[in-house]
Amino acid sequence: QTHSFTSCYVDTTARVWMAIAEQGDVTINPLDFPIILRDVLDYCDGRSLSNAIQVNRTWKQTASRLLEKRRRFSSLLVKGSTLKVCAEKVCRLLDDIRCIPAAVMVFAYRIGRLKSYERAMCLIYNALPRGAKMMACAVDGIIGMTESGVPEELMEDDVTEACLSFLVVPRVPGIVVQTYTGGEDLPNPFSSKKESPVCDYGTMFDGFDFSSIKLFMCLSTMRLNPLLALTSVPNTFHEYLQFCSPDARIVGGVPEPSTIFVNGEIDRETVVAGMALGGDAFRCGALVINEEKTGIAQQLERLGSQVEAANLRNMACFLCICVGRGESFHGAKSVESQLVQKNFPGVPICGFFGQGEIGEMGTHDFDSVQSVLKSESKSQESAAKRSRRQASKNFAQGFTSAFGFMAIQPPSKPFSS
(Lines give C-alpha, C1' and ligand atoms only; values in the text may rest on other atoms or scores of the structure.)
Protein backbone atom coordinates (compact mmCIF):
# COMPACT_ATOMS: atom_id res chain seq x y z
CA GLN A 1 0.00 0.00 0.00
CA THR A 2 2.82 2.41 0.86
CA HIS A 3 4.49 1.86 -2.51
CA SER A 4 1.18 2.40 -4.33
CA PHE A 5 0.40 5.64 -2.54
CA THR A 6 4.00 6.86 -2.90
CA SER A 7 3.95 6.45 -6.67
CA CYS A 8 0.59 8.19 -6.77
CA TYR A 9 1.83 11.21 -4.80
CA VAL A 10 4.98 11.47 -6.91
CA ASP A 11 2.77 11.98 -9.95
CA THR A 12 0.41 14.48 -8.33
CA THR A 13 2.45 16.43 -5.76
CA ALA A 14 3.17 19.28 -8.17
CA ARG A 15 -0.52 19.67 -9.08
CA VAL A 16 -1.63 19.65 -5.44
CA TRP A 17 0.83 22.32 -4.29
CA MET A 18 0.16 24.48 -7.32
CA ALA A 19 -3.53 24.42 -6.47
CA ILE A 20 -2.78 25.27 -2.83
CA ALA A 21 -0.55 28.17 -3.91
CA GLU A 22 -3.28 29.55 -6.15
CA GLN A 23 -6.02 29.30 -3.50
CA GLY A 24 -3.99 30.47 -0.53
CA ASP A 25 -4.73 28.72 2.77
CA VAL A 26 -7.81 26.87 1.51
CA THR A 27 -7.85 23.24 2.73
CA ILE A 28 -7.82 20.76 -0.14
CA ASN A 29 -9.11 17.20 0.18
CA PRO A 30 -6.71 14.80 -1.60
CA LEU A 31 -9.71 12.62 -2.52
CA ASP A 32 -10.90 15.39 -4.82
CA PHE A 33 -8.11 14.38 -7.18
CA PRO A 34 -9.23 11.40 -9.33
CA ILE A 35 -5.78 9.85 -9.55
CA ILE A 36 -5.50 9.70 -5.75
CA LEU A 37 -9.13 8.66 -5.36
CA ARG A 38 -8.58 5.76 -7.77
CA ASP A 39 -5.78 4.29 -5.66
CA VAL A 40 -7.79 4.67 -2.47
CA LEU A 41 -10.97 3.10 -3.86
CA ASP A 42 -9.00 0.28 -5.43
CA TYR A 43 -8.69 -1.24 -1.94
CA CYS A 44 -12.48 -1.34 -1.49
CA ASP A 45 -14.69 -4.37 -2.07
CA GLY A 46 -17.53 -4.40 -4.54
CA ARG A 47 -20.19 -3.45 -2.02
CA SER A 48 -18.21 -0.40 -0.88
CA LEU A 49 -17.67 0.67 -4.48
CA SER A 50 -21.39 0.49 -5.15
CA ASN A 51 -21.88 2.90 -2.24
CA ALA A 52 -19.05 5.14 -3.48
CA ILE A 53 -20.87 5.60 -6.79
CA GLN A 54 -23.55 7.58 -4.95
CA VAL A 55 -21.19 10.19 -3.42
CA ASN A 56 -20.66 12.59 -6.33
CA ARG A 57 -19.82 12.66 -10.03
CA THR A 58 -16.06 12.22 -9.58
CA TRP A 59 -16.48 9.27 -7.23
CA LYS A 60 -19.09 7.74 -9.53
CA GLN A 61 -16.81 7.85 -12.58
CA THR A 62 -13.81 6.48 -10.67
CA ALA A 63 -15.73 3.69 -8.91
CA SER A 64 -17.50 2.71 -12.15
CA ARG A 65 -14.17 2.31 -13.95
CA LEU A 66 -12.87 0.08 -11.15
CA LEU A 67 -16.03 -2.06 -11.19
CA GLU A 68 -15.77 -2.40 -14.96
CA LYS A 69 -12.31 -3.96 -14.58
CA ARG A 70 -13.47 -6.26 -11.77
CA ARG A 71 -16.51 -7.78 -13.47
CA ARG A 72 -15.14 -11.29 -13.59
CA PHE A 73 -16.45 -14.75 -12.75
CA SER A 74 -14.90 -16.24 -9.62
CA SER A 75 -15.01 -19.68 -8.02
CA LEU A 76 -13.61 -21.33 -4.90
CA LEU A 77 -13.73 -24.70 -3.13
CA VAL A 78 -14.13 -24.30 0.65
CA LYS A 79 -13.59 -27.05 3.24
CA GLY A 80 -14.51 -27.15 6.92
CA SER A 81 -15.38 -29.38 9.84
CA THR A 82 -19.10 -28.65 9.35
CA LEU A 83 -21.24 -27.11 6.66
CA LYS A 84 -21.84 -24.08 8.88
CA VAL A 85 -18.10 -23.43 9.07
CA CYS A 86 -17.88 -23.62 5.28
CA ALA A 87 -20.84 -21.25 4.90
CA GLU A 88 -19.24 -18.72 7.26
CA LYS A 89 -16.06 -18.80 5.17
CA VAL A 90 -18.09 -18.18 2.02
CA CYS A 91 -19.86 -15.25 3.69
CA ARG A 92 -16.53 -13.65 4.60
CA LEU A 93 -15.34 -14.10 1.03
CA LEU A 94 -18.53 -12.54 -0.33
CA ASP A 95 -18.07 -9.56 1.99
CA ASP A 96 -14.59 -8.96 0.56
CA ILE A 97 -15.32 -9.85 -3.06
CA ARG A 98 -14.14 -7.21 -5.50
CA CYS A 99 -17.22 -7.27 -7.76
CA ILE A 100 -20.97 -6.98 -7.20
CA PRO A 101 -22.53 -10.47 -7.46
CA ALA A 102 -25.56 -10.88 -9.69
CA ALA A 103 -25.94 -14.59 -8.88
CA VAL A 104 -24.21 -17.39 -6.99
CA MET A 105 -24.27 -21.15 -7.61
CA VAL A 106 -23.38 -23.33 -4.62
CA PHE A 107 -22.80 -27.10 -4.50
CA ALA A 108 -22.54 -28.78 -1.11
CA TYR A 109 -20.88 -32.10 -0.28
CA ARG A 110 -21.34 -34.10 2.95
CA ILE A 111 -24.14 -31.88 4.21
CA GLY A 112 -25.09 -33.86 7.32
CA ARG A 113 -28.61 -33.13 8.51
CA LEU A 114 -30.94 -31.46 6.03
CA LYS A 115 -31.85 -28.75 8.56
CA SER A 116 -28.19 -27.80 8.99
CA TYR A 117 -27.82 -27.64 5.22
CA GLU A 118 -30.81 -25.31 4.92
CA ARG A 119 -29.45 -22.98 7.63
CA ALA A 120 -26.04 -22.86 5.97
CA MET A 121 -27.55 -21.95 2.60
CA CYS A 122 -29.70 -19.24 4.20
CA LEU A 123 -26.55 -17.83 5.79
CA ILE A 124 -24.94 -17.46 2.35
CA TYR A 125 -28.07 -16.08 0.75
CA ASN A 126 -28.39 -13.36 3.40
CA ALA A 127 -24.80 -12.28 2.71
CA LEU A 128 -25.63 -11.49 -0.93
CA PRO A 129 -26.54 -7.98 -2.07
CA ARG A 130 -30.17 -7.15 -2.66
CA GLY A 131 -31.53 -8.61 -5.88
CA ALA A 132 -28.83 -11.26 -6.28
CA LYS A 133 -29.98 -14.77 -7.25
CA MET A 134 -28.83 -18.01 -5.65
CA MET A 135 -29.12 -21.66 -6.62
CA ALA A 136 -27.71 -24.48 -4.46
CA CYS A 137 -27.99 -28.25 -4.06
CA ALA A 138 -26.34 -31.20 -2.32
CA VAL A 139 -24.35 -33.54 -4.56
CA ASP A 140 -22.55 -36.91 -4.67
CA GLY A 141 -19.19 -35.32 -5.45
CA ILE A 142 -17.90 -31.79 -5.83
CA ILE A 143 -15.75 -29.86 -8.32
CA GLY A 144 -14.13 -26.49 -7.65
CA MET A 145 -11.04 -24.31 -7.55
CA THR A 146 -8.62 -24.31 -4.62
CA GLU A 147 -7.13 -21.10 -3.25
CA SER A 148 -4.02 -21.71 -5.36
CA GLY A 149 -6.14 -21.74 -8.53
CA VAL A 150 -5.91 -25.51 -9.15
CA PRO A 151 -9.12 -27.42 -10.04
CA GLU A 152 -10.02 -30.30 -7.74
CA GLU A 153 -12.59 -33.09 -7.97
CA LEU A 154 -13.66 -34.69 -4.68
CA MET A 155 -15.70 -37.85 -4.18
CA GLU A 156 -16.40 -40.29 -1.34
CA ASP A 157 -12.87 -41.50 -0.58
CA ASP A 158 -11.15 -38.14 -1.14
CA VAL A 159 -12.45 -36.13 1.81
CA THR A 160 -14.25 -36.71 5.10
CA GLU A 161 -15.13 -33.09 5.94
CA ALA A 162 -17.85 -30.82 4.58
CA CYS A 163 -17.15 -28.96 1.32
CA LEU A 164 -18.74 -26.12 -0.61
CA SER A 165 -17.96 -25.10 -4.18
CA PHE A 166 -19.42 -21.81 -5.37
CA LEU A 167 -19.38 -19.74 -8.55
CA VAL A 168 -20.05 -16.00 -8.54
CA VAL A 169 -21.65 -14.42 -11.62
CA PRO A 170 -20.79 -10.69 -11.63
CA ARG A 171 -23.37 -7.99 -12.18
CA VAL A 172 -22.71 -6.73 -15.70
CA PRO A 173 -24.84 -4.43 -17.89
CA GLY A 174 -26.16 -6.50 -20.77
CA ILE A 175 -26.32 -9.83 -18.90
CA VAL A 176 -29.61 -11.26 -17.64
CA VAL A 177 -29.76 -13.81 -14.79
CA GLN A 178 -33.01 -15.59 -13.89
CA THR A 179 -33.90 -18.59 -11.74
CA TYR A 180 -36.76 -21.06 -12.06
CA THR A 181 -38.24 -23.97 -10.08
CA GLY A 182 -40.95 -26.51 -10.81
CA GLY A 183 -42.43 -29.01 -8.43
CA GLU A 184 -45.58 -30.64 -9.72
CA ASP A 185 -45.66 -34.43 -9.76
CA LEU A 186 -44.45 -36.22 -12.85
CA PRO A 187 -46.88 -38.38 -14.83
CA ASN A 188 -47.24 -42.06 -14.07
CA PRO A 189 -44.43 -44.00 -15.83
CA PHE A 190 -46.71 -47.01 -16.24
CA SER A 191 -49.50 -45.09 -17.95
CA SER A 192 -51.07 -46.79 -20.98
CA LYS A 193 -50.97 -43.54 -22.99
CA LYS A 194 -48.75 -43.76 -26.05
CA GLU A 195 -47.72 -40.09 -26.29
CA SER A 196 -44.48 -38.94 -24.67
CA PRO A 197 -44.94 -37.68 -21.12
CA VAL A 198 -44.73 -33.91 -20.83
CA CYS A 199 -44.42 -32.34 -17.40
CA ASP A 200 -46.60 -29.35 -16.67
CA TYR A 201 -44.81 -27.28 -14.06
CA GLY A 202 -47.43 -24.60 -13.91
CA THR A 203 -45.97 -21.21 -13.04
CA MET A 204 -42.30 -22.21 -13.29
CA PHE A 205 -41.59 -19.70 -16.07
CA ASP A 206 -44.01 -16.95 -15.10
CA GLY A 207 -42.48 -13.57 -15.83
CA PHE A 208 -39.55 -15.12 -17.71
CA ASP A 209 -37.88 -13.13 -20.50
CA PHE A 210 -37.02 -15.91 -22.95
CA SER A 211 -35.91 -13.69 -25.81
CA SER A 212 -32.52 -13.00 -24.23
CA ILE A 213 -31.78 -16.42 -22.67
CA LYS A 214 -28.88 -18.41 -24.16
CA LEU A 215 -27.93 -20.93 -21.46
CA PHE A 216 -30.13 -22.98 -19.13
CA MET A 217 -28.23 -24.58 -16.25
CA CYS A 218 -30.71 -27.23 -15.18
CA LEU A 219 -31.03 -29.52 -12.15
CA SER A 220 -33.44 -32.47 -12.05
CA THR A 221 -33.77 -34.29 -8.73
CA MET A 222 -35.41 -37.50 -10.02
CA ARG A 223 -37.78 -37.38 -7.08
CA LEU A 224 -40.07 -39.95 -8.64
CA ASN A 225 -39.13 -42.32 -11.44
CA PRO A 226 -35.46 -41.60 -12.36
CA LEU A 227 -35.67 -42.38 -16.07
CA LEU A 228 -38.93 -40.52 -16.50
CA ALA A 229 -37.68 -37.49 -14.59
CA LEU A 230 -34.66 -37.22 -16.85
CA THR A 231 -36.44 -37.73 -20.15
CA SER A 232 -39.19 -35.30 -19.15
CA VAL A 233 -36.81 -32.38 -18.59
CA PRO A 234 -36.31 -31.63 -22.31
CA ASN A 235 -40.05 -31.91 -22.90
CA THR A 236 -40.57 -29.35 -20.16
CA PHE A 237 -38.56 -26.82 -22.17
CA HIS A 238 -40.12 -27.84 -25.49
CA GLU A 239 -42.88 -25.28 -25.28
CA TYR A 240 -40.55 -22.44 -24.34
CA LEU A 241 -37.48 -22.91 -26.56
CA GLN A 242 -39.28 -21.28 -29.48
CA PHE A 243 -39.06 -17.98 -27.61
CA CYS A 244 -35.31 -18.28 -26.89
CA SER A 245 -32.25 -17.48 -28.95
CA PRO A 246 -31.70 -19.95 -31.84
CA ASP A 247 -28.47 -21.01 -30.12
CA ALA A 248 -30.03 -21.60 -26.69
CA ARG A 249 -28.42 -24.49 -24.84
CA ILE A 250 -29.36 -26.69 -21.89
CA VAL A 251 -26.64 -28.11 -19.62
CA GLY A 252 -27.23 -29.76 -16.27
CA GLY A 253 -27.29 -32.83 -14.11
CA VAL A 254 -29.00 -34.77 -11.34
CA PRO A 255 -28.16 -33.89 -7.69
CA GLU A 256 -29.51 -35.42 -4.48
CA PRO A 257 -33.31 -35.22 -4.06
CA SER A 258 -35.02 -32.65 -1.80
CA THR A 259 -31.94 -30.41 -1.50
CA ILE A 260 -32.44 -27.76 -4.19
CA PHE A 261 -32.24 -24.31 -2.62
CA VAL A 262 -33.35 -21.35 -4.75
CA ASN A 263 -33.44 -17.73 -3.57
CA GLY A 264 -33.79 -18.33 0.14
CA GLU A 265 -35.82 -21.50 0.50
CA ILE A 266 -35.91 -25.25 -0.07
CA ASP A 267 -38.97 -26.74 -1.70
CA ARG A 268 -39.13 -30.43 -0.85
CA GLU A 269 -41.38 -31.01 -3.86
CA THR A 270 -39.04 -29.41 -6.42
CA VAL A 271 -38.30 -31.66 -9.38
CA VAL A 272 -36.67 -29.24 -11.82
CA ALA A 273 -34.81 -26.05 -10.99
CA GLY A 274 -32.00 -24.01 -12.41
CA MET A 275 -30.49 -20.73 -13.48
CA ALA A 276 -30.78 -19.12 -16.91
CA LEU A 277 -28.30 -16.61 -18.31
CA GLY A 278 -28.39 -14.46 -21.42
CA GLY A 279 -28.25 -10.95 -22.77
CA ASP A 280 -26.35 -9.01 -25.40
CA ALA A 281 -23.06 -9.20 -23.49
CA PHE A 282 -23.32 -12.93 -22.71
CA ARG A 283 -21.67 -15.67 -24.78
CA CYS A 284 -21.81 -19.42 -24.20
CA GLY A 285 -20.62 -22.76 -25.50
CA ALA A 286 -21.35 -26.34 -24.49
CA LEU A 287 -19.91 -29.83 -24.68
CA VAL A 288 -21.57 -33.12 -23.73
CA ILE A 289 -19.26 -36.07 -24.32
CA ASN A 290 -18.82 -39.71 -23.31
CA GLU A 291 -15.27 -40.23 -24.57
CA GLU A 292 -12.01 -40.75 -22.71
CA LYS A 293 -9.31 -38.20 -21.95
CA THR A 294 -8.01 -37.89 -25.53
CA GLY A 295 -11.43 -37.20 -27.05
CA ILE A 296 -12.29 -34.63 -24.39
CA ALA A 297 -8.97 -32.84 -24.93
CA GLN A 298 -9.60 -32.58 -28.69
CA GLN A 299 -13.05 -31.07 -28.28
CA LEU A 300 -11.93 -28.64 -25.58
CA GLU A 301 -9.03 -27.56 -27.78
CA ARG A 302 -11.51 -26.78 -30.55
CA LEU A 303 -13.61 -24.63 -28.23
CA GLY A 304 -10.44 -22.99 -26.91
CA SER A 305 -9.46 -21.87 -30.40
CA GLN A 306 -12.88 -20.24 -30.84
CA VAL A 307 -12.47 -18.40 -27.55
CA GLU A 308 -9.05 -17.17 -28.62
CA ALA A 309 -10.40 -15.95 -31.95
CA ALA A 310 -13.30 -14.12 -30.29
CA ASN A 311 -10.99 -12.60 -27.64
CA LEU A 312 -13.17 -13.86 -24.78
CA ARG A 313 -11.11 -13.50 -21.60
CA ASN A 314 -13.71 -13.30 -18.85
CA MET A 315 -15.07 -16.85 -18.65
CA ALA A 316 -16.30 -19.59 -16.32
CA CYS A 317 -17.10 -23.30 -16.66
CA PHE A 318 -20.07 -25.16 -15.17
CA LEU A 319 -19.18 -28.85 -15.14
CA CYS A 320 -21.33 -31.90 -14.41
CA ILE A 321 -19.63 -35.32 -14.50
CA CYS A 322 -21.21 -38.74 -14.06
CA VAL A 323 -20.29 -40.42 -10.78
CA GLY A 324 -18.81 -43.29 -12.80
CA ARG A 325 -16.28 -41.07 -14.59
CA GLY A 326 -14.00 -40.15 -11.71
CA GLU A 327 -10.62 -41.56 -10.75
CA SER A 328 -11.78 -45.14 -11.34
CA PHE A 329 -12.47 -44.34 -15.01
CA HIS A 330 -9.52 -42.10 -15.91
CA GLY A 331 -6.95 -43.66 -13.59
CA ALA A 332 -6.09 -40.27 -12.06
CA LYS A 333 -7.76 -37.53 -10.06
CA SER A 334 -9.25 -34.31 -11.44
CA VAL A 335 -8.56 -35.26 -15.06
CA GLU A 336 -11.45 -33.49 -16.78
CA SER A 337 -11.29 -30.27 -14.76
CA GLN A 338 -7.54 -30.07 -15.39
CA LEU A 339 -8.18 -30.45 -19.12
CA VAL A 340 -10.47 -27.43 -18.89
CA GLN A 341 -7.77 -25.45 -17.13
CA LYS A 342 -5.19 -26.48 -19.72
CA ASN A 343 -7.27 -25.26 -22.65
CA PHE A 344 -8.82 -22.30 -20.82
CA PRO A 345 -6.08 -21.01 -18.47
CA GLY A 346 -7.33 -19.16 -15.42
CA VAL A 347 -11.01 -19.97 -16.03
CA PRO A 348 -12.99 -20.60 -12.80
CA ILE A 349 -14.54 -24.08 -12.64
CA CYS A 350 -17.51 -25.10 -10.52
CA GLY A 351 -19.67 -28.20 -10.67
CA PHE A 352 -20.54 -31.58 -9.27
CA PHE A 353 -20.74 -35.33 -9.82
CA GLY A 354 -24.30 -36.34 -10.63
CA GLN A 355 -26.41 -39.39 -11.28
CA GLY A 356 -27.11 -38.25 -14.84
CA GLU A 357 -26.35 -35.40 -17.21
CA ILE A 358 -28.64 -33.17 -19.26
CA GLY A 359 -27.76 -31.67 -22.63
CA GLU A 360 -27.35 -32.28 -26.32
CA MET A 361 -24.58 -34.77 -27.12
CA GLY A 362 -21.65 -33.23 -28.99
CA THR A 363 -19.73 -29.96 -29.19
CA HIS A 364 -21.70 -26.72 -29.50
CA ASP A 365 -19.63 -23.76 -30.61
CA PHE A 366 -19.52 -20.42 -28.90
CA ASP A 367 -22.24 -18.18 -30.24
CA SER A 368 -21.35 -14.79 -31.65
CA VAL A 369 -23.23 -11.81 -32.97
CA GLN A 370 -22.19 -12.63 -36.53
CA SER A 371 -23.23 -16.29 -36.35
CA VAL A 372 -26.60 -15.43 -34.81
CA LEU A 373 -27.38 -12.84 -37.47
CA LYS A 374 -26.25 -15.23 -40.20
CA SER A 375 -28.42 -18.06 -38.91
CA GLU A 376 -31.42 -15.77 -38.62
CA SER A 377 -31.06 -14.50 -42.18
CA LYS A 378 -30.67 -17.95 -43.74
CA SER A 379 -33.03 -19.97 -41.60
CA GLN A 380 -36.48 -20.58 -43.05
CA GLU A 381 -37.73 -22.57 -40.08
CA SER A 382 -40.56 -21.30 -37.99
CA ALA A 383 -40.10 -20.81 -34.28
CA ALA A 384 -42.19 -23.90 -33.55
CA LYS A 385 -40.06 -26.10 -35.83
CA ARG A 386 -36.87 -24.82 -34.23
CA SER A 387 -38.35 -25.58 -30.82
CA ARG A 388 -39.15 -29.16 -31.82
CA ARG A 389 -35.65 -29.61 -33.24
CA GLN A 390 -33.99 -28.35 -30.05
CA ALA A 391 -36.31 -30.31 -27.80
CA SER A 392 -35.52 -33.51 -29.67
CA LYS A 393 -31.77 -32.95 -29.22
CA ASN A 394 -31.58 -31.83 -25.61
CA PHE A 395 -32.08 -34.90 -23.49
CA ALA A 396 -30.60 -36.81 -20.58
CA GLN A 397 -27.38 -38.76 -20.85
CA GLY A 398 -25.62 -41.41 -18.81
CA PHE A 399 -21.90 -41.94 -18.19
CA THR A 400 -21.10 -38.58 -19.80
CA SER A 401 -19.62 -35.20 -18.89
CA ALA A 402 -21.48 -31.95 -19.54
CA PHE A 403 -19.50 -28.72 -19.87
CA GLY A 404 -21.24 -25.33 -19.94
CA PHE A 405 -18.99 -22.37 -20.76
CA MET A 406 -20.00 -18.81 -19.92
CA ALA A 407 -18.25 -15.68 -21.18
CA ILE A 408 -18.70 -11.92 -20.99
CA GLN A 409 -18.30 -10.15 -24.30
CA PRO A 410 -15.64 -7.42 -23.94
CA PRO A 411 -17.11 -3.92 -24.39
CA SER A 412 -16.63 -2.39 -27.83
CA LYS A 413 -16.02 1.02 -26.29
CA PRO A 414 -14.09 0.70 -23.03
CA PHE A 415 -13.81 3.52 -20.52
CA SER A 416 -11.51 6.30 -21.64
CA SER A 417 -8.43 6.89 -19.52
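All values below were derived from every heavy atom in this structure, side-chain atoms included, with hydrogens, water molecules and symmetry-related copies excluded.
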How far apart are the closest heavy atoms of [X] and [Y], and which atoms are they?
X    : Y    : answer
R71  : I408 : O-CD1, 3.8 Å
A402 : G252 : CB-O, 4.2 Å
L219 : C137 : CD1-SG, 3.8 Å
R302 : S305 : O-OG, 2.5 Å
L167 : P348 : CD1-CB, 4.3 Å
A132 : Y125 : O-CE1, 4.0 Å

Would you confirm whether [X], through its side chain, and [Y], through its main-chain N or O, come within 3.5 Å as a donor-acceptor pair?
X    : Y    : answer
Q61  : N56  : no
N263 : M134 : yes
D280 : I175 : no
T62  : T58  : yes
S75  : I349 : yes
N311 : V307 : no
K89  : K79  : yes
S64  : K60  : yes
Y117 : T259 : yes
S334 : Q338 : no

- Message: If you apply the rule side-chain contact (heavy atoms from CB on, under 4.5 Å), what do you find for L49 with L41, and how did you get there?
- Response: CA-CA 7 Å; L49 283 180; L41 292 182; 3.9 Å; yes

Taking the side chain as everything from C-beta on, heavy atoms only, tell me whether [X] gets closer than 4.5 Å to [Y].
X    : Y    : answer
F216 : R249 : no
L164 : L77  : no
L76  : S165 : no
V262 : Y180 : no
M217 : M406 : yes
R325 : H330 : yes
F344 : L300 : yes
C163 : L154 : yes

Could you state the interatomic distance from [atom1] ([X]) to [atom2] ([Y]), rounded to the nearest 0.5 Å?
X    : Y    : atom1 : atom2 : answer
I260 : S220 : CD1   : OG    : 7.5 Å
R110 : D140 : CZ    : CG    : 10.5 Å
R283 : Q409 : CZ    : CD    : 4.5 Å
S401 : L319 : OG    : CG    : 6.5 Å
L339 : T294 : CG    : OG1   : 9.0 Å
N314 : S74  : CG    : OG    : 9.5 Å

- side-chain contact (heavy atoms from CB on, under 4.5 Å) between I143 and E152: does it pass, once the steps are laid out? CA-CA 6 Å; I143 306 168; E152 189 173 10; over 6 Å; no

- Query: Does one side chain, of T400 or E357, offer a donor that lies under 3.5 Å from an acceptor on the other?
  - Reply: yes

- Query: Is it true that atom CD of E308 has more than 12 heavy atoms of other residues, nucleotides or ligands lying nearer than 6.0 Å?
  - Reply: no

- Task: Please check if atom CD in E301 has more than 12 non-hydrogen atoms from other residues, nucleotides or ligands closer than 6.0 Å.
- Result: no

- Item | Verdict with supporting geometry, D42 and R98, salt bridge (Lys or Arg N to Asp or Glu O under 4.0 Å) | CA-CA 9 Å; D42 196 28; R98 294 174 63 81; 3.1 Å; yes

- Task: Let me see the working for E153 and E336 under side-chain contact (heavy atoms from CB on, under 4.5 Å), right down to the final yes or no.
- Result: CA-CA 9 Å; E153 302 172 8; E336 299 189 22; 4.0 Å; yes

- Matching residue for K133 among V104, V177, L128 - test: side-chain contact (heavy atoms from CB on, under 4.5 Å): V177

- Message: Please evaluate residues F166 and L93 with respect to the criterion side-chain contact (heavy atoms from CB on, under 4.5 Å), reporting the C-alpha separation (whole Å), side-chain torsions for both, the decisive distance (0.1 Å), and the verdict.
- Response: CA-CA 11 Å; F166 69 96; L93 292 170; 4.0 Å; yes

- Output field: ring centroids F405/F318 closer than 6.0 Å: no

- Task: Over 60° means perpendicular and under 30° means parallel, so classify the ring planes of F352 and F107, tilted if in between.
- Result: tilted

